[in-house]
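Let me begin by presenting the structure, written as C-alpha cells, before commenting on it.
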Amino acid sequence: MARLLTPRATFVGGRSMADAQLVELLTAALEAARQAGELPDCDVEIRLEQPPDPKMGDFSCNIAMVLAKPAGRAPREVARIILDRLPECSVLDRVEIAGPGFINFHLSPTWLQDTVREVLVRGEQYGHSTEGEGRRVQIEFISANPVGPLHVGNARGGPYGDALASLLEAVGYDVEREYLVNDGPDNTQFRLFGASVQARVRELLGLSAHMPEDGYKGDYVIEYARRLIYDHGDGLGEIAEDEDGFYEFAILGQELVVAEIRETCEMLGVEFDVWFSERELFERGKIDAKIDELWGRGVLYDKDGALWLRTTDYGDEEDRVLVRQSGAKTYLMTDLAYADNKFARGFEHLIYVWGPDHAAQVPSVKAGMAAAGVDPEATEFIVHQIVRLTEGGEVVRMSKRRGTIVTLRELLEDVGRDATRFFLLSRSIDSHLDFDLELARKESDENPVYYVQYAHARISSILREARGRGFATDDLLEADLSLLAHPDELRLMRWMADYPAQVADAAEQRAPHRPAHLSRDLAATFHQFYGTCRVIDEEAPELSRARLALVGATGVVLRNVLGLLGVGAPEQM
RNA sequence: GCGCCCGUAGCUCAGUGGAUAAGAGCAACGGACUUCGGAUCCGUAGGUCGGGGGUUCGAAUCCUCCCGGGCGCGCCA
C-alpha cells in the first residue's frame, strides 16, 4: 500500500501541544548527542505513546531501544545519554528510564488542563491537523454496476469509503468522493441488463420477449419495466431487439437504477461529490486517445484479433486484453483512461475501494497502470472482505424469495443509519464481518452504538440540567481547570490529549474501525468519570464549573469522533 | 492448482516489533441508586494468541512450513 503520509516525527498538527513539545525536546537532545559523538547520525522516527499504566507517566518514548543497535550500546545506556542532553522545560515534572529502555515523561498537571482549554477553543477542529497540506486525494467507492439496487454485499464499501474520506480530511487532505457509474457501451453486464429490461417491457406489452439465459431475472427489473412504460409509453415496443436496442434500454433502466442508488446512499448518509459516467469517456474519445498513447509507449500488440497490453513486463502473471475480438473494450481499458481523467482533474493520489470480488484484478490494474506510466505510489487499492448477516447466531441467507434482507435499503430500513454505519465500520476492513441484525436492532446496553450515543445524550443532559440550576455553560473557558485532579478526571483529560494522534494514526492506516473503537472507549471513560465525580454541586460552584468544562470538552470530542464515522450524536434519546 | 484475507476468552472482535500485565464488548456470576439520564458503574471468572521452526536484546505482530476457514481466479464487471 502506498504511503501517503509522512512519518509522524515531521508532523506537529496531529499532536496535542504537549506531545509536540516533547518531540522538540527529544529532537534537540538527539542532535546534541550526535554532535558530541555519543550517538550515530541516522534517521529515526520519534514516536510518543501512552504507557499502559498512568503511573508510568503521561508519555513514553521507545527511541532509545530503536537506537540501541545503530549506536552499539544497551538501550538503557542510550536512554541515559538522551536524558542527559534533554533541555530543561517547565512542562516536565520528571523524566525516567523504565523497563527495557523506555523514556517516560511525567508532565505537570497543567498540560492536561490545557488540553481541556484547547478542545473547547478548537471545537469541531480538535483532533484535526494540517499534515495533508491540502493535497488533493480522490476516493472512489461502491461504484456498483448500475444494474440493480445496492446489495448488502456492496454495503461495506460505502461507510468505509466515506469514513476514510472524513479521516483524510481531518488530517488536512482535500478529498473528493466519487462514484463511477459503469454505463459504458462496451460493458457486457450493462448490456445484459438492458436486454433483460427490454424483455420485461415486451412481456408487459404483450409482445414476444427474449430474456437472456444469464440475464437479470429479479423482480425489481419488472418494476423498472413498469416505470419505463409509464414514463415513455408503448413506443418502447418498437425498439429493435439488437445490440443497439439493448444499450438503449440499459441507458433507460440505468436512470432508474442510479436514482435508486443515490437515494440509498442518501439514507446511508454518504454524499458523493461526483457521479462519473463511464459513457462520457467513450463519447469524448478518451478511450481511443488512450489506445494511441499506449501504442506510442510500445506496450501494445495484436494477437488473435484482440489488442493486448504487456502487463507481464510490469509484474502481472499474464498479458491482458484491452480490446476484445469483438472490438469491445475491457474494464482494464476503461480503467486506464479513467485514471488519466482523474489525474487530469488534479488529483495527486487515487484511492480505490473495491469489493472482494475485485481482489483478483488488482495486480493487473496495477501492472496496467505501470505500463501506462502511472506512478505506482499515486494509486492505492483497498479491498474489503465480505459481510454476512446473522441473527441469533445463525447466518441469514440473503434471499428475495425467502423474504430475507437482500438490499442495503432494506438493511437501513430495518436497523437505521447509525447502527448500519457503526456496525459496518467497527471491524477491520481486512476481516470478514458478521453483522448481527438482532443486536443492531436492540435499543439497549448490549448495542454499542446506543452505548456511545447514550454518553453524548447524558453529556447534553448534564449541561441542560446545569443551566436549569443557574450555571452558565457558555463561559466554560473561564473555569478554574486546576481544580480537575481526580484520577478519573485526569484519565479523561489524558484520553482527549491523545485523541489527535489517534486520528492521525487511523488516517495513516486507512482504518476507520479505529474511531469506532475510540468512540466506545471515550464513552466508557466518561461514564466512569460520571460515576465517581459529581458534576453539578451547588455547594461547590467552582469545582462544578471546572467539571462542566470537562464535560463540555468530552462532548466536543465525542461529537468529533462520531462525526468521523458519520454516526449521529443525539442531544437526547 | 494458484492468489488474497482470516485463525486471539463460550460468542463477536481490538491489538502500529516492546513494559514482571495479551485487551474490549456480549454472554455468566456477585455487587452499587433519597441527588446531575441505571440505556450507567464497580468487581469475579474466563487464554497452549491454530501448530512447528526461524529472525530479534524482545514476536500475537516479521519470515517459513503445516493445519483449519472464507473469498476470488473470463477477450464479464
Side-chain angles (χ1 to χ4, degrees), chain A residues 8 47 49 51-53 56 60 62 65-66 68-69 74-75 98-102 104 143-145 147 182 184 186-192 214 303-308 317 320-326 328-332 334-335 354-363 383-386 388 390 393 426-436 439 442-448 450-451 453-455 457-466 468-469 505-506 508-509 511 513-514 516-517 520-521 523-524 526-537 544 547-548 551 572-573:
Chain A
R8 287 184 57 207
R47 201 175 181 114
E49 54 194 9
D53 188 325
M56 296 169 171
S60 172
N62 71 343
M65 278 125 82
V66 175
K69 189 150 207 169
F102 288 100
N104 287 352
S143 297
N145 258 340
V147 296
N182 283 103
D186 289 358
N187 179 336
T188 312
Q189 292 301 317
F190 190 51
R191 279 177 184 272
L192 193 58
D214 47 358
K303 193 183 90 181
D304 304 332
L307 184 65
W308 295 72
E317 288 175 347
R320 304 289 167 177
V321 170
L322 291 184
V323 183
R324 297 172 219 149
Q325 268 180 345
S326 65
K329 280 77 177 178
T330 62
Y331 72 83
L332 180 59
T334 51
D335 274 350
W354 283 352
D357 49 335
H358 290 247
Q361 71 184 253
V362 170
V383 176
H384 68 255
Q385 298 297 313
I386 59 160
R388 288 190 314 182
T390 65
S426 61
R427 302 286 176 248
S428 156
I429 201 69
D430 290 332
S431 292
H432 303 168
L433 186 147
D434 284 332
F435 192 113
D436 188 338
L439 183 59
K442 277 189 186 163
E443 302 195 2
S444 75
D445 53 346
E446 292 165 57
N447 188 337
Y450 282 93
Y451 179 87
Q453 292 185 320
Y454 178 69
R458 182 179 244 181
I459 286 168
S460 304
S461 168
I462 293 168
L463 295 174
R464 273 195 304 271
E465 178 70 19
R469 296 203 204 173
D505 279 355
E508 182 175 356
Q509 290 166 31
H513 71 280
R514 300 188 62 160
H517 287 271
R520 221 268 157 213
D521 201 43
F526 174 74
H527 284 312
Q528 194 185 1
F529 152 80
Y530 178 86
T532 54
C533 298
R534 173 147 195 104
V535 179
I536 304 170
D537 183 357
S544 296
R547 286 184 169 164
L548 284 169
V551 169
Q572 49 195 332
M573 298 169 71

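Throughout, protein chains are lettered first and strands after them, A, B, ... in sequence-line order, and every chain is numbered starting at 1.
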Could you check how far [atom1] of [X] sits from [atom2] of [N], rounded to whole Å?
{"X": "A:Gln453", "N": "B:rA39", "atom1": "CD", "atom2": "C1'", "value": "11 Å"}
{"X": "A:Arg520", "N": "B:rG15", "atom1": "CZ", "atom2": "C1'", "value": "17 Å"}
{"X": "A:Asn62", "N": "B:rG17", "atom1": "CG", "atom2": "P", "value": "10 Å"}
{"X": "A:Asp537", "N": "B:rU35", "atom1": "CG", "atom2": "P", "value": "15 Å"}
{"X": "A:Tyr530", "N": "B:rU40", "atom1": "OH", "atom2": "P", "value": "12 Å"}
{"X": "A:Asp434", "N": "B:rG69", "atom1": "CG", "atom2": "C1'", "value": "12 Å"}
{"X": "A:Asp521", "N": "B:rA24", "atom1": "CG", "atom2": "P", "value": "9 Å"}
{"X": "A:Glu317", "N": "B:rG1", "atom1": "CD", "atom2": "P", "value": "16 Å"}

Exercise for the section: Go through the N and O atoms of the side chain of A:Ser428 and the base of B:rA14, and report whether any donor-acceptor pair is under 3.5 Å. Expected result: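 Answer no: no donor N or O sits under 3.5 Å from an acceptor.
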Could you list all N or O pairs between the protein and nucleotides 71-76 of chain B that sit under 3.5 Å apart?
{"unit_1": "B:rC75", "atom_1": "O3'", "unit_2": "A:Arg324", "atom_2": "NE", "d": "3.2"}
{"unit_1": "B:rC75", "atom_1": "O2", "unit_2": "A:Gln325", "atom_2": "N", "d": "2.8"}
{"unit_1": "B:rC76", "atom_1": "OP2", "unit_2": "A:Arg324", "atom_2": "NE", "d": "2.4"}
{"unit_1": "B:rC76", "atom_1": "OP2", "unit_2": "A:Arg324", "atom_2": "NH1", "d": "2.9"}
{"unit_1": "B:rC76", "atom_1": "OP2", "unit_2": "A:Arg324", "atom_2": "NH2", "d": "3.2"}
{"unit_1": "B:rC76", "atom_1": "O3'", "unit_2": "A:Arg324", "atom_2": "NH2", "d": "3.4"}
{"unit_1": "B:rC76", "atom_1": "O2", "unit_2": "A:Gln189", "atom_2": "NE2", "d": "2.6"}

If you measure from the [atom1] atom in [N] to the same atom in [M], how many Å do you get, rounded?
{"N": "B:rC65", "M": "B:rG18", "atom1": "C1'", "value": "27 Å"}
{"N": "B:rG43", "M": "B:rC4", "atom1": "C1'", "value": "44 Å"}
{"N": "B:rC6", "M": "B:rC49", "atom1": "C1'", "value": "14 Å"}
{"N": "B:rC33", "M": "B:rC26", "atom1": "C1'", "value": "24 Å"}
{"N": "B:rG54", "M": "B:rU16", "atom1": "P", "value": "24 Å"}
{"N": "B:rA22", "M": "B:rG51", "atom1": "P", "value": "16 Å"}
{"N": "B:rA19", "M": "B:rA60", "atom1": "P", "value": "9 Å"}
{"N": "B:rG23", "M": "B:rG15", "atom1": "C1'", "value": "7 Å"}

Would you mind classifying the nucleic acid contact of [X] as base, sugar-phosphate or nothing, using non-hydrogen atoms under 4.0 angstrom?
{"X": "A:Ser431", "value": "sugar-phosphate"}
{"X": "A:Asn104", "value": "base"}
{"X": "A:Arg388", "value": "nothing"}
{"X": "A:Ala457", "value": "base"}

Practice task
Please assess A:Phe102 against A:Asn62 for the test side chain to side chain contact (heavy atoms under 4.5 Å, CB included), listing each intermediate value before the final yes or no.
Solution key: CA-CA 5 Å; A:Phe102 288 100; A:Asn62 71 343; 4.0 Å; yes
Practice task
Give each stem of RNA chain B as a range with a range, requiring at least 3 consecutive Watson-Crick or G-U wobble pairs whose two distances are under 3.5 Å.
Solution key: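 Expected stems, ordered by start: B:1-7 with B:67-73, B:10-13 with B:23-26, B:28-32 with B:40-44, B:50-54 with B:62-66.
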Is any side-chain nitrogen or oxygen of [X] closer than 4.0 Å to OP1 or OP2 of [N]?
{"X": "A:His513", "N": "B:rG15", "value": "yes"}
{"X": "A:Ser426", "N": "B:rG25", "value": "no"}
{"X": "A:Tyr451", "N": "B:rA24", "value": "no"}

Anything under 3.5 Å between a protein N or O and an N or O of nucleotides 58-63 of chain B, put it in a table, one pair a line.
none

Show each protein N/O and nucleotides 28-34 of chain B N/O combination with a separation under 3.5 Å, one pair to a line.
none

Exercise for the section: Just compare B:rA14, B:rC6, B:rA39 and give me whichever is closest to any side-chain atom of A:Tyr454. Expected result: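 So the nucleotide nearest the side chain must be B:rA39.
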Practice task
Not counting sequence neighbours, which residues clear ring pair (Phe, Tyr, Trp, His ring centres under 6.0 Å) with A:His358? List them please.
Solution key: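 Partners of A:His358 under the ring pair (Phe, Tyr, Trp, His ring centres under 6.0 Å) test: A:Trp354.
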Problem - Side chain proximity check, A:Val551 to A:Tyr530, heavy atoms < 4.5 angstrom - result: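 When only atoms from C-beta onward are counted, A:Tyr530 and A:Val551 do not touch, as no gap falls below 4.5 Å.
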Problem - A:Phe102 aromatic ring stacked with six-membered ring of B:rA19, 5.5 Å and 30° - result: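 According to the criterion (under 5.5 Å, under 30°), yes, A:Phe102 stacks.
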Practice task
Only counting residues at least two apart or in another chain, list the ones meeting salt bridge (Lys or Arg N to Asp or Glu O under 4.0 Å) with A:Arg324.
Solution key: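 Residues passing salt bridge (Lys or Arg N to Asp or Glu O under 4.0 Å) with A:Arg324: none at all.
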Handout entry: Any donor-acceptor pair under 3.5 Å from A:Asn104 side chain to A:Ala98 backbone
Key =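 Not a single qualifying donor-acceptor pair exists.
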